[in-house]
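Right, one structure below, let's go through it.
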Amino acid sequence: MAMILFDEERKVFRLDAGNSSYAFYITPSGRLRHLYWGPSMDTTDLLDLGGGTLNVEPPFDPEENQNGRGSQLWEFGPNDLGTKAPASAIVRNADGNTATDPRYVSHRIIAGKPRLPGLPSTFLNSDDEAETLEITLVDQPTKVEFLLRYTAFRDLPVIARSAVVTNKGDAPVDLQKIMSLTTSFRHEDLDVIYFDGFWAKERQYHRERLQGGMRVLGADSGYSSHTMNSCVVLCDPKTTEEFGRAYGVLFVYSGKFAVEVEQAPLYRTTLNLGIHPVGFSWYLEPGESFQSPEALQAVSDNGLGALSRSWHDLIRQHIINPKWRTAKRPILCNNWEAMHFQFSKEKLMELGKTAKANGIEMLVLDDGWFGKRDNERCALGDWYANTEKIGGTMGELAEAVRSLGLKFGLWFEPEMVSGDSDLYRAHPDWAIQVPNRRSTYQRFQFMLDFSRKEVVDHVYETISAVIEEAKLDYMKWDANREMTEVGSLAFPPERQGEIAHRFILGVYDLYERITKRFPNMLIEGCSAGGGRFDAGILYYSPQIWTSDNSDAFDRLAIQYGTSFAYPCSTMGAHVARNWFPQRYSPVETRAAVAFSGTFGYELDLNQMPPEELAQVKGQCEFYHKHHHIVEQGDYYRLANPFEEKTVAWMHVTKDKSEFLLTVVFTRWDHAYEGQTLRLPGLDLNATYTDGEHTWTGKRLAHAGIEISHSSFRSDMFSIVIHGKRV
Ligand code: DGJ
């Protein structure tokens, strides 16, 4: 069945994605206006929405009387032409002004979906999973062309969007803004949900009523950031986890981004998502093109939970490398919190032995194994092993770890260079910098100028040699600073606005080369904890370290926020010692929280209190047995840690034959004794058992399960129930 339809007479496009429809039309003067986004609709109803007057609606035209800011529902907004909804594109032309007015020229509908050159993007497993609409618009005075792509997914309520801007004129122009996605909402009262934060407090959930005026939810410091995530939801104020309309957007990009949301009079709301326009520009000589990153949109009429499950399915089926889609991720033990820079071969081997004896599968050596890196002040960029510290060559250390029966992984920070490093001394010009200004030193390091191919080549060669020598099973790819004083000594003045994006293209180029050359090596993304948790990184690396903060209480909030867009199979989650000495969580609860991610340990097993260490084996056995429910199942948030003392969530296998329910009583309250929890997502006609009790699916869904905790009167107590269909 066609997923994309065009009504020739009324010039209406209808895209059917999963159980949703999305529609917009071409006005007589060639502008694109938004019509509808929501559950499936027939074209007849859509035409009716426009009052049956779509093709006679006064075209937006400078000669016509205009209704002012925001009176139109834009699908791709012009700039500086009377109607001031936030522009989708701004081109500074040869005359020096920024009037930009893209108008329809042609379109075509094709099977499947092209990948974006040089950028991560959603992909299909077979061509019949999606259709793509390509619309060409032209700004006539400059002849700048905009090719807008819309891909509708057959089985998911998701549309992928991007734009290619080509200068078809004969004078250079400066592209100053290009949004990958513009959409509008008519007469709706909306809440906005966003996820902001900082180091050790990533993706904190916030929900507010959208007010008039423009809001920019974004990050302008060169990376997708701790500050804000591109996962933004607009929803009906009455929408809950299980009920109501919710619209979501997500960016497949790891650089700076902006989600602009403007509510104009009459509740007409415009939403833009794209590269953050502040500081961005792209110089286009005649004939040159710019490809925007891909933006995604999804809609749910069954609450926030269903919206998240669509994102999870999309990411697992269409973003993550199929190699890792169902492959079990190894339980790892990372030495960072155990030893920081003070490790030795002996200490690592001792850790490895205990890890192996308890069912852990991989040892990861974190920061400090290279150059003269004995502290955070030096040696980034010098990617050769410190043989003294690791007691021999890297190949020998890797072999020694493998001889224990463990896999071996290493930490890198490929995009960075310390001021005190051989690399920086040899190539000070290889750092991101602007002339005549002091570069800000963050964590005693600069960013390498990845806009230059020779820099990426050098890093590729040096880290590949280590990966090869150690035959690494795993690489932790860290990035510990933001981009400041953004400039490159290799580019002319008119191209300095390109550097932040060119840097990210360099990062993707390196990821591409490394993943091609070492297809069996698992990569875990990281950025000072979870500062670069985005769908772009997930295209190359199927898991990302969620936060440096492994305190179980804080992790409830961090993993809750992260789960709105990202499946649990992407969240690095480890058992650590109690992160804040004054706040105690039993090791059972630290494990219960970490089970809902890619499980591991971030502590010195040999320093654990014996009664805690005694539990590690059982925890690993539990994860080995049940990981598939977390990695591949459907996820249900049952309580919001920002509002409830009892926090709970559930994973259910796609065939509904097994579930894993986790409940954390963050603050024990005896008024809650006998509290029940209804479990959605199960088979109503089945009977489930945890080995001790049996319940019908109906009973669990409609009456709930008693999660009594009178036997354990303490904060941060948890229970985990594995249920199986009888
Ligand atoms: C920041 C990461 O988030 C940590 O896990 C650790 O790898 C350090 N960097 C090492 O410098």
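Atom set for the values below is all heavy atoms of this structure, side chains included, hydrogens, waters and symmetry mates excluded. Remember, it's 1-based here, ligands and their atoms both numbered in the order they're listed.
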Notebook entry, point to check: Is NZ or CZ of Arg555 both nearer than 6.0 Å to the six-membered ring centre of Trp545 and within 45° of the ring axis?
Noted result: yes
Less than 3.5 Å apart, N/O on ligand 1 and N/O on the protein: could you list those pairs with the distances?
{"from": "ligand 1", "atom 1": "3 (O)", "to": "Gly529", "atom 2": "N", "distance (Å)": "2.7"}
{"from": "ligand 1", "atom 1": "3 (O)", "to": "Asp548", "atom 2": "OD1", "distance (Å)": "2.5"}
{"from": "ligand 1", "atom 1": "3 (O)", "to": "Asp548", "atom 2": "OD2", "distance (Å)": "3.1"}
{"from": "ligand 1", "atom 1": "5 (O)", "to": "Lys476", "atom 2": "NZ", "distance (Å)": "2.7"}
{"from": "ligand 1", "atom 1": "5 (O)", "to": "Asp548", "atom 2": "OD1", "distance (Å)": "3.2"}
{"from": "ligand 1", "atom 1": "7 (O)", "to": "Asp366", "atom 2": "OD1", "distance (Å)": "2.7"}
{"from": "ligand 1", "atom 1": "7 (O)", "to": "Asp366", "atom 2": "OD2", "distance (Å)": "3.2"}
{"from": "ligand 1", "atom 1": "7 (O)", "to": "Trp411", "atom 2": "NE1", "distance (Å)": "3.1"}
{"from": "ligand 1", "atom 1": "7 (O)", "to": "Lys476", "atom 2": "NZ", "distance (Å)": "3.0"}
{"from": "ligand 1", "atom 1": "7 (O)", "to": "Asp478", "atom 2": "OD2", "distance (Å)": "3.4"}
{"from": "ligand 1", "atom 1": "9 (N)", "to": "Asp478", "atom 2": "OD2", "distance (Å)": "2.7"}
{"from": "ligand 1", "atom 1": "11 (O)", "to": "Asp367", "atom 2": "OD2", "distance (Å)": "2.7"}
{"from": "ligand 1", "atom 1": "11 (O)", "to": "Arg443", "atom 2": "NH1", "distance (Å)": "2.9"}
{"from": "ligand 1", "atom 1": "11 (O)", "to": "Arg443", "atom 2": "NH2", "distance (Å)": "2.9"}

In short, ring pair (Phe, Tyr, Trp, His ring centres under 6.0 Å) pairs touching residues 597-616 with sequence neighbours left out are Phe595-Phe599, Phe599-Tyr601, Phe599-Tyr623
Are Lys389 and Phe343 in a cation-pi contact, defined as NZ or CZ under 6.0 Å from the six-membered ring centre and within 45° of the axis?
yes
Sorted by chain and number, sequence neighbours left out, side-chain hydrogen bond (donor to acceptor under 3.5 Å, both in side chains) with Glu631 holds for His627
Sorted by chain and residue number, the side-chain hydrogen bond (donor to acceptor under 3.5 Å, both in side chains) partners of Ser308 (sequence neighbours excluded) come out as Arg637
- Return yes if some donor-acceptor pair links the side-chain N/O of Gln559 with the main-chain N/O of Val593 below 3.5 Å, else return no. yes
